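For clarity, every value in this text was computed on a predicted model and none was experimentally measured.
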Amino acid sequence: MSPYPQLFQALRTGPFTLKNRIVMGSMHTRLETEPDGSARAAAFYAERARGGVALIITGGYSPDAAGLLEADSGALDQPDKLAEHRVVADAVHAEGGRICLQILHAGRYAKHDALVGASEIPSPINRRKPRALATAEVEQTVASFATCAALAREAGYDGVEIMGSEGYLISQFTALRTNNRSDKYGGTLENRLRFPLDIVRATRARVGADFLILFRMSALDLVEGGLNAEETLHFARALETAGVDVLDTGIGWHEARVPTIGYMVPRAAWRAATARIKSAVSIPVMATNRINTPGLAEELLEQGVADLVSLARPLLADAAFALKAEQGRADEINTCIACNQACLDFLFRDKVASCLVNPRACHETSYPKVRALRAKRVAVVGAGAAGLSCAITAFERGHSVTLYEAQGEIGGQLNLAKQVPGKEFAETLRYFRTRLAHSSIGLKIGHRAGADELARSGYDAVVLASGVSPRLPDIPGVTHPKVLRYDEVLSGSKVPGARVAIIGAGGIGFDVAEFLSASHGAAATPEFLEAWGVDPQGMGDGGLVPPKPEQSARSIVMLQRKSTPPGKSLGATTGWALRMELARRGILVLTGVTYQRIDDAGLHILHEGQPKLLEVDHVVVCAGQEPVNALRAELAARGIDATLIGGAERAEEIDALRAMEQGMRLAYAM
């Protein structure tokens, strides 16, 4: 019997019986923009179907040219595009899965010049101003949604999901924030809901009863001028009446100033909003956002919060999530840590999405799961992110691997990162420990590999993933007892006093500020909602109420030499939230600083041309790192050409994303 009986119970929904309650939620990948996008998407989704999910929802495809998110985004609006979609649908069906196409009209979020909206009200996150759709154009857009669904059916999809959440075009019609129309699609709530309800009715009329229709609706808008809970429940009931089979619950518009899926959001933080929707309808309801373990998914089903759970990024992290859970192997799941670094942040950099903890994601055709042509004896020195990724991948490709780690445990810098509130690198380390235990990798913990030993062993390849050491800047008094390194602080070996200055406002500086200012680790859901001004009952305007003031556990000032905005290296989709969080706690950030000296009085600086004394108890240095790679020269002197990866190769920033991708890529090159 499965340890998760609710999660692996079949569910009849619409015309189908789903084999379990796990749905792969929609996410943008940019695969459709690639020359071989159909083949890559087919491999990507097929691997998830093979991994046991009951239903897959694709990334969003526009029903017409105006609705494209970007000029090169995917659309399904013409029959000549059916062939590329059949490749994807057929690949999923061959693995025993079901798949729905998401229909997404970007509206005023579109990043092209032909964007349209409910009204001519621009978005604060898009410099372009939309043109308001005329009444006849709205009616044509309704027809375009229905046509797109009919084409999806012809392409072999099992259904469609209509994207009516996150602030895209449908949301722009439902909310007063973005709808000031005076025709039949504006004004009263009934009029503002007409557009999505017309879409559902027109779609059902085109595709018939034996085709699945999901609708992703906002359980919480989290923007002023959005729907409140009462209006949302009215909308949910109307969608059921119109012919929707499943309601998928989205959370927040993209322009909301509340984080919804980043690591600082507690797991299943939005369960109450989903439960409200479920209480109002009789069709299945899906829970989403920050659900990343089978135990949590089981809990939500058992408590009646939802009928289905949507896992999007968790299935980037581990395609076999469902299969491992069903077989009682949850400890082998590579858990999504909600870092956003390779999924969402890549999209903002015009790159195909992937995953920090699983860099194969969306690159399955480039890195197939096949064994190397010739097995080699490989030594990997250093069991941090880069070394672990390289060692595990090399082993899986058939190589004989020995992994050396000088410290008493694996993880390297991940052991520091996991101390930052909300960051879930402990899950990543648990996954790697389990993988090592289930492998024949020779793990030598607390063993500092030397050049002579490596030379004597006759390895075919030597990889140096020996990491970094903190860099101390050239400031008079930097060896004063007041000075602490970031690794000493995050490891807990040194505890700063009540007044702290942090030298360095990059990623590590912000992590240390978060670590020192949080009153007690990661926030629980009630505290998180209070701090960000979310009404647990959803009755505020858009579900919002005034945020509760926070107080830092310490008096903290962050400093950087550059005059550029602080935190420039932070992630595009999480950095803004971290900056807001620290600002709300009263943490001061000074830029354009010249450091003069550190002494018993504190930290002496020049700022805006004026000398200042920061009377602090401690100065925490977060001023970069130096690579630890002297072993390479020692090996070269013995005729061994070792390969550097991770921080040992480049130490400007501690970058687990680059380290894991580099380790995997090297293992495939062996």
Check step by step if side chain to side chain contact (heavy atoms under 4.5 Å, CB included) holds for Thr178 and Trp253.
CA-CA 12 Å; Thr178 44; Trp253 289 28; 3.5 Å; yes
How far apart are the C-alpha atoms of His105 and Phe145, what are their side-chain angles, what is the distance that settles it, and do they pass the side chain to side chain contact (heavy atoms under 4.5 Å, CB included) test?
CA-CA 9 Å; His105 192 300; Phe145 270 86; 3.8 Å; yes
Verify side chain to side chain contact (heavy atoms under 4.5 Å, CB included) between Leu69 and Tyr168, making sure each step is shown before the conclusion.
CA-CA 9 Å; Leu69 188 59; Tyr168 292 112; 4.0 Å; yes
Going through the checks in order, is the side chain to side chain contact (heavy atoms under 4.5 Å, CB included) test met by Thr564 and Thr591?
CA-CA 7 Å; Thr564 53; Thr591 62; over 6 Å; no
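With hydrogens and angles disregarded, a donor-acceptor distance shorter than 3.5 Å links the side chain of Tyr668 to the backbone of Pro368. Gln560 places a side-chain N or O within donor-acceptor distance of the main-chain N or O of Lys562, the cut-off being under 3.5 Å. A distance-only check finds no donor-acceptor pair linking the side chain of Thr574 to the backbone of Gly262 [under 3.5 Å]. With hydrogens and angles ignored, the 3.5 Å screen pairs a side-chain donor or acceptor of Arg632 with a backbone N or O of Ala642. No donor-acceptor pair under 3.5 Å is formed between the side chain of Ser73 and the backbone N or O of Leu68. No donor-acceptor distance shorter than 3.5 angstrom exists from the side chain of Ser218 to the backbone of Gly250, with no hydrogens or angles considered. For the pair Ser119 (side chain) and Ile121 (backbone), a donor-acceptor distance under 3.5 Å is absent. A donor-acceptor pair under 3.5 Å is absent between the side-chain atoms of Asp221 and the main chain of Val223, judged by distance alone. Between the side chain of Asn334 and the backbone N or O of Tyr431, no donor-acceptor pair lies under 3.5 Å. Judged by distance alone, with hydrogens and angles left aside, the side-chain atoms of Ser171 form a donor-acceptor pair with the main-chain N or O of Gly164 at under 3.5 Å.
Inter-residue side-chain proximity for Arg40 and Val352 is flagged as met; some heavy-atom pair is nearer than 4.5 Å. Taking the side chain as every heavy atom from C-beta outward, Val621 and Arg485 never approach each other to under 4.5 Å. Inter-residue side-chain proximity for Phe346 and Leu657 is flagged as met; some heavy-atom pair is nearer than 4.5 Å. The side-chain heavy atoms of Trp576 and Pro259, taken from C-beta on, include a pair separated by under 4.5 Å. Looking only at side-chain heavy atoms (C-beta outward), Gln662 and Arg665 come within less than 4.5 Å of each other. Counting heavy atoms from C-beta outward, Leu151 and His85 have side chains that stay 4.5 Å or more apart. Within the 4.5 Å cutoff, side-chain heavy atoms of Leu222 are placed close to those of Ile251. Residues Leu169 and Thr141 meet the side-chain proximity criterion, which asks for heavy atoms closer than 4.5 Å.
The distance from atom CG of Leu101 to atom CG of Leu76, rounded to the nearest 0.5 Å, is 6.0 Å. Note that SG of Cys362 and CD of Glu47 are 10.5 Å apart. Values are rounded to the nearest 0.5 Å. Here Phe44 contributes atom CZ and Met24 contributes atom CE; the two are 3.5 Å apart, rounded to the nearest 0.5 Å. In this structure, the separation between OG1 on Thr428 and NZ on Lys423 is 11.5 Å, given to the nearest 0.5 Å. Here Arg108 contributes atom CZ and Gln172 contributes atom CD; the two are 5.5 Å apart, rounded to the nearest 0.5 Å. Interatomic distance, Thr573 OG1 to Ile261 CD1, rounded to the nearest 0.5 Å: 6.5 Å.
Side chains of Asn340 and Arg313: a donor on one and an acceptor on the other come within 3.5 Å. Between Arg216 and Ser26, the side chains place no donor N or O within less than 3.5 Å of an acceptor N or O (distance only, hydrogens not considered). Of the N and O atoms on the side chains of Glu255 and Tyr109, at least one donor lies less than 3.5 Å from an acceptor on the other residue. Counted by atom type alone, Glu424 and Asn292 present one or more donor-acceptor pairs between their side chains at under 3.5 Å.
When every heavy atom of Ala513 is checked against every heavy atom of Leu582, the shortest pair comes out as CB-CD1, 3.8 Å. For the residue pair Cys390 and Met670, the shortest heavy atom distance occurs at SG-CE, 4.1 Å. Residues Pro130 and Gly117 approach most closely at CB-N, 3.8 Å, considering heavy atoms. Shortest non-hydrogen contact noted between Phe515 and Val489 is CE2-O, 3.4 Å. The two atoms that bring Tyr263 and Ile337 nearest to each other are CB-O, 3.7 Å, heavy atoms only. When all heavy atoms are compared, the tightest approach of Glu161 to Asp248 is OE2-OD2, 2.8 Å.
Classification of Arg30 and Asp350 as a salt-bridged pair holds, one side-chain N sitting under 4.0 Å from a carboxylate O. A salt bridge is defined here as a Lys NZ or Arg NE, NH1 or NH2 lying under 4.0 Å from an Asp or Glu carboxylate O, and Arg585 with Glu581 meets this definition. A salt bridge links Arg430 with Glu427: the distance from a Lys NZ or Arg NE/NH1/NH2 to an Asp or Glu carboxylate oxygen falls below 4.0 Å. Under a 4.0 Å N-O distance rule, the pair Lys81/Asp77 qualifies as a salt bridge.
The aromatic rings of Trp532 and Phe528 lie tilted to each other, with the angle between the two planes from 30° to 60°.
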